[in-house]
Student: 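Take a look at this one; I'll ask things after.
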Amino acid sequence: MLDLKFIRENVSLVKEAIKSKHEKDNLDQLLELDTKRRELLKLVEELKSQKNKASDEVARLKREGRDASEIIQKMKSVSDEISVLDKQLSEIEKQINDILLTIPNIPHSSVPIGEDSTQNVEVRRWAPEGYSYELQNNHYLDHLALGKKLGILDFERGAKISGSGFPVYVGKGATLERALINFMLDYHIQKHGYKEIFPPFLVNRDSMIGTGQIPKLEEDMYHCNEDDLFPIPTAEVPITNFYRDEILMEENLPIKFVGYSACFRREAGSYGKETKGFLRVHQFNKVEMVKFVKPEDSYDELEKLVNDAEDILKELKIPYRIMLLCTGDLSFSAAKCYDIEVWAPVEKKYLEASSCSNFESFQARRANIRFRRKGGKPEFVHTLNGSGLATSRLMVAIMENYQTPEGKLIVPKALQKYTGFEIID
RNA sequence: GGAGAGGUGGCAGAGUGGUUGAAUGCGGCGGUCUUGAAAACCGUUGUACCGAGGAAUCGGUACCGGGGGUUCGAAUCCCUCCCUCUCCGCCA
């Protein structure tokens, strides 16, 4: 959410942001409502001031044992007037808030202008020493075929149990998945100084609004009607909302959390595009990093966040590239975002495995997360988050990069102490 | 799910219809004392919005879990929802 006062004073900037993110422009209506609100507010507050003075007067008269019925009679009509105006006002305020929730964050000045993902900018790429992007022959299997051959992935039974897009990890596949999660968690905790959070997987509506999934992406979220709870699409939601409605102390910033969660996404309307196997699923596992930082530090912290995610891939020796998203591909809540894409040599393409974003104060304002400098007023923190990383697409990269010509799967060195075995065959 | 208790400022905790934005304590900030610190003592201390001002600041309004109601007037009375705790039931 943007500050209403900021919007009022930067209309063209906000309009541009809305346009660049392909969102609906309700600004004129918003500004009209805002003007009306301030007019009404002035009126009603004057009346309330009158009322308060009269109340004091009544109290005084009664204390002195005198008659106050004349004032009381007079104030009845004032009270009625106030209640009418108050109702109008709260209706307008609700409309204002509803619109505010649909206005996207403004891209940072360093974000390239662009329409869609084709105009994202590659920042850098990495591969292990001597890595060859080309496979030696055409006998290598994609992750579906290899998973089936080795008996470690079962999409068919997943579909039977739950529906398409709910993979089942079997045997050493399950162990490998668990190893990956544990490795990433431990690495961020021990090497990068994050504190682990094991969050709830169901959250309430306020939490979803806080991080910005609702209202915009409500259709993409699973929903438990009975209790108005949402299975989380990412651990970002519960972890960021950890500090909702709180004031943090300056000396405790930055706060760095890392947490594992299963992630649930309906992926409504995304059929037909990169949907096979792990490339698009309704449930997947992810280790998520979340930071709460001072505004002046947030862009440095974003770079560090990307580096922290990259370190995992370097340890796993998976080639990757870093993409800086252009304005048109930037998500609703983000001010700047890097995607990390892992190289899948059989698919012959890069697959998105991580998104690292700076939300500036956008989420903090929605979720009311503030901090206080020594002797100062509360200010909104900046929030960031990044996948560190999502396992499903990473698993594709592992299965393609660590496949032997005979169709066996070598466990990456960094994971071997977690799996207890070195090869799956 | 049933019965009961409760939700008040950064925290703890008074307050049951009218100078209560809210006692008191802790914490925080400023000061006295001290070589320095601690202790002691004195003073001070919330947030949001609207308006005025260059600004320090000032004026107004709202806020005692959320929403609604009664009343000239609500932290205080009523309704409703949410949450926490205790006991019982059920259960991993």
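If you're wondering where the values come from, they're calculated on a predicted model, not measured in any experiment. Proteins come first, then strands; the chains are lettered A, B, ... in the order of their sequence lines, and each starts at number 1.
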Student: Using the P atom as the point on both nucleotides, what is the distance between B:rG7 and B:rA14, in whole Å?
Tutor: 9 Å

Student: Can you tell me if A:Asn52 touches the phosphate of B:rA62, counting only side-chain N or O atoms and a distance under 4.0 Å to OP1 or OP2?
Tutor: yes

Student: Could you give the NZ-to-P distance, from A:Lys377 to B:rU57, as a whole number of Å?
Tutor: 9 Å

Student: Compute the ring centroids of A:Tyr187 and A:His192, then answer whether they are less than 6.0 Å apart.
Tutor: yes

Student: From the options B:rU61, B:rC72, B:rU47, select the nucleotide whose nearest atom is closest to the side chain of A:Val58.
Tutor: B:rC72

Student: Can you pull the ring pair (Phe, Tyr, Trp, His ring centres under 6.0 Å) pairs that have at least one residue in residues 36-72 of chain A, sequence neighbours excluded?
Tutor: none

Student: Compute whether any side-chain donor of one residue and acceptor of the other, for A:Gln119 and A:Asp329, lie under 3.5 angstrom apart.
Tutor: no

Student: Round to a whole Å and report the spacing from CD of A:Glu57 to C1' of B:rC72.
Tutor: 12 Å

Student: Does any donor atom in the side chain of A:Gln50 or A:Glu46 lie under 3.5 Å from an acceptor atom in the other side chain?
Tutor: no

Student: Expressed in whole Å, how much space separates the P atoms belonging to B:rG89 and B:rG13?
Tutor: 30 Å

Student: Using the P atom as the point on both nucleotides, what is the distance between B:rC79 and B:rG4, in whole Å?
Tutor: 14 Å

Student: Select base, sugar-phosphate, or nothing to describe what A:Arg370 touches, counting heavy atoms under 4.0 Å on all strands.
Tutor: sugar-phosphate

Student: For the residue pair A:Tyr299 and A:His382, is the inter-centroid distance of their aromatic rings smaller than 6.0 Å?
Tutor: no

Student: Could you verify whether a donor N or O on one side chain and an acceptor N or O on the other, from A:Glu310 and A:Tyr320, lie under 3.5 Å apart?
Tutor: yes

Student: If you measure from the C1' atom in B:rA38 to the same atom in B:rA52, how many Å do you get, rounded?
Tutor: 47 Å

Student: Mapping A:Ser49 and A:Ile247 to their closest nucleotides on RNA chain B, which lands nearer the 5' end?
Tutor: A:Ile247

Student: A:Leu85 has an atom CG; how far is it from atom P of B:rA62, in whole Å?
Tutor: 14 Å

Student: Not counting sequence neighbours, which residues clear side chain to side chain donor-acceptor pair (under 3.5 Å) with A:Arg60? List them please.
Tutor: A:Glu57, A:Glu64

Student: Expressed as a whole number of Å, how far does the P atom of B:rU16 sit from that of B:rG65?
Tutor: 15 Å

Student: Determine, for A:Lys304 against A:Asp308, whether the closest basic-nitrogen to carboxylate-oxygen distance falls under 4.0 angstrom.
Tutor: no

Student: Out of B:rG73, B:rG18, B:rU47, which has the shortest distance to the side chain of A:Arg372?
Tutor: B:rU47

Student: Pairing donors with acceptors under 3.5 angstrom, does anything connect the side chains of A:Thr391 and A:Lys286?
Tutor: no

Student: Dump every N/O contact between nucleotides 50-54 of chain B and the protein below 3.5 Å, one line per pair.
Tutor:
{"unit_1": "B:rC50", "atom_1": "OP1", "unit_2": "A:Arg8", "atom_2": "NH2", "d": "3.1"}
{"unit_1": "B:rG51", "atom_1": "OP1", "unit_2": "A:Arg38", "atom_2": "NH1", "d": "3.3"}

Student: So what does A:Lys53 touch, heavy atoms closer than 4.0 Å: a base, only the sugar-phosphate, or nothing?
Tutor: nothing

Student: Please give the distance between the P atoms of B:rU57 and B:rC42 as a whole number of Å.
Tutor: 27 Å

Student: Should the pair A:Lys256 and A:Tyr194 be classed as cation-pi, given the thresholds of under 6.0 Å to the six-membered ring centre and 45° from the axis?
Tutor: yes

Student: For atom P, what is the distance between B:rG73 and B:rU19, given to the nearest Å?
Tutor: 15 Å

Student: At a cut-off of 3.5 Å, list every protein nitrogen or oxygen paired with a nitrogen or oxygen from nucleotides 26-30 of chain B, distance to 0.1 Å.
Tutor:
{"unit_1": "B:rC29", "atom_1": "OP1", "unit_2": "A:Lys374", "atom_2": "NZ", "d": "3.3"}

Student: Roughly how many Å is it from CG in A:Asp56 to P in B:rU61, rounded to a whole number?
Tutor: 10 Å

Student: If you find the nucleotide of RNA chain B closest to A:Ala59 and the one closest to A:Gln50, which residue's nucleotide is nearer the 5' end?
Tutor: A:Ala59

Student: Using the C1' atom in both, what is the distance from B:rA12 to B:rC64, to the nearest Å?
Tutor: 15 Å

Student: In whole Å, I'd like the distance from the NZ atom of A:Lys48 to the C1' atom of B:rG21.
Tutor: 16 Å

Student: Rounded to whole angstroms, how far apart are CG on A:Asn252 and C1' on B:rG10?
Tutor: 13 Å

Student: When you compare the side chains of A:Asn182 and A:Tyr260, does any donor N or O come within less than 3.5 Å of an acceptor on the partner?
Tutor: no

Student: Starting at atom CG of A:Asp67, determine the distance to atom P of B:rC72, rounded to an integer number of angstrom.
Tutor: 14 Å

Student: If you restrict it to nitrogen or oxygen atoms, what contacts under 3.5 Å exist between nucleotides 74-85 of chain B and the protein, and what is each distance?
Tutor:
none

Student: Is the distance between the ring centroids of A:Phe278 and A:Phe155 under 6.0 Å?
Tutor: yes

Student: Does A:Phe332 form a side-chain contact (heavy atoms from CB on, under 4.5 Å) with A:Asn105? I'd like the steps, not just the answer.
Tutor: CA-CA 6 Å; A:Phe332 177 76; A:Asn105 201 359; over 6 Å; no

Student: Taking the six-membered ring where the residue is Trp, are the ring centres of A:Phe230 and A:Tyr222 under 6.0 Å apart?
Tutor: no

Student: Should stems be defined as at least three consecutive Watson-Crick or G-U pairs with both distances under 3.5 angstrom, which of them involve RNA chain B?
Tutor: B:1-7 with B:82-88, B:10-12 with B:24-26, B:27-32 with B:40-45, B:46-52 with B:57-63, B:65-69 with B:77-81

Student: Within the 4.5 Å heavy-atom criterion, are A:Ile340 and A:Glu352 side-chain neighbours or not?
Tutor: no

Student: Could you state the CZ-P distance from A:Arg63 to B:rG73, rounded to the nearest angstrom?
Tutor: 18 Å

Student: Any side-chain N or O of A:Ser69 less than 4.0 Å from the OP1 or OP2 oxygen of B:rC72?
Tutor: no

Student: Please work out which of the three classes, parallel, tilted or perpendicular, describes the rings of A:Phe292 and A:Tyr243, given edges at 30° and 60°.
Tutor: perpendicular

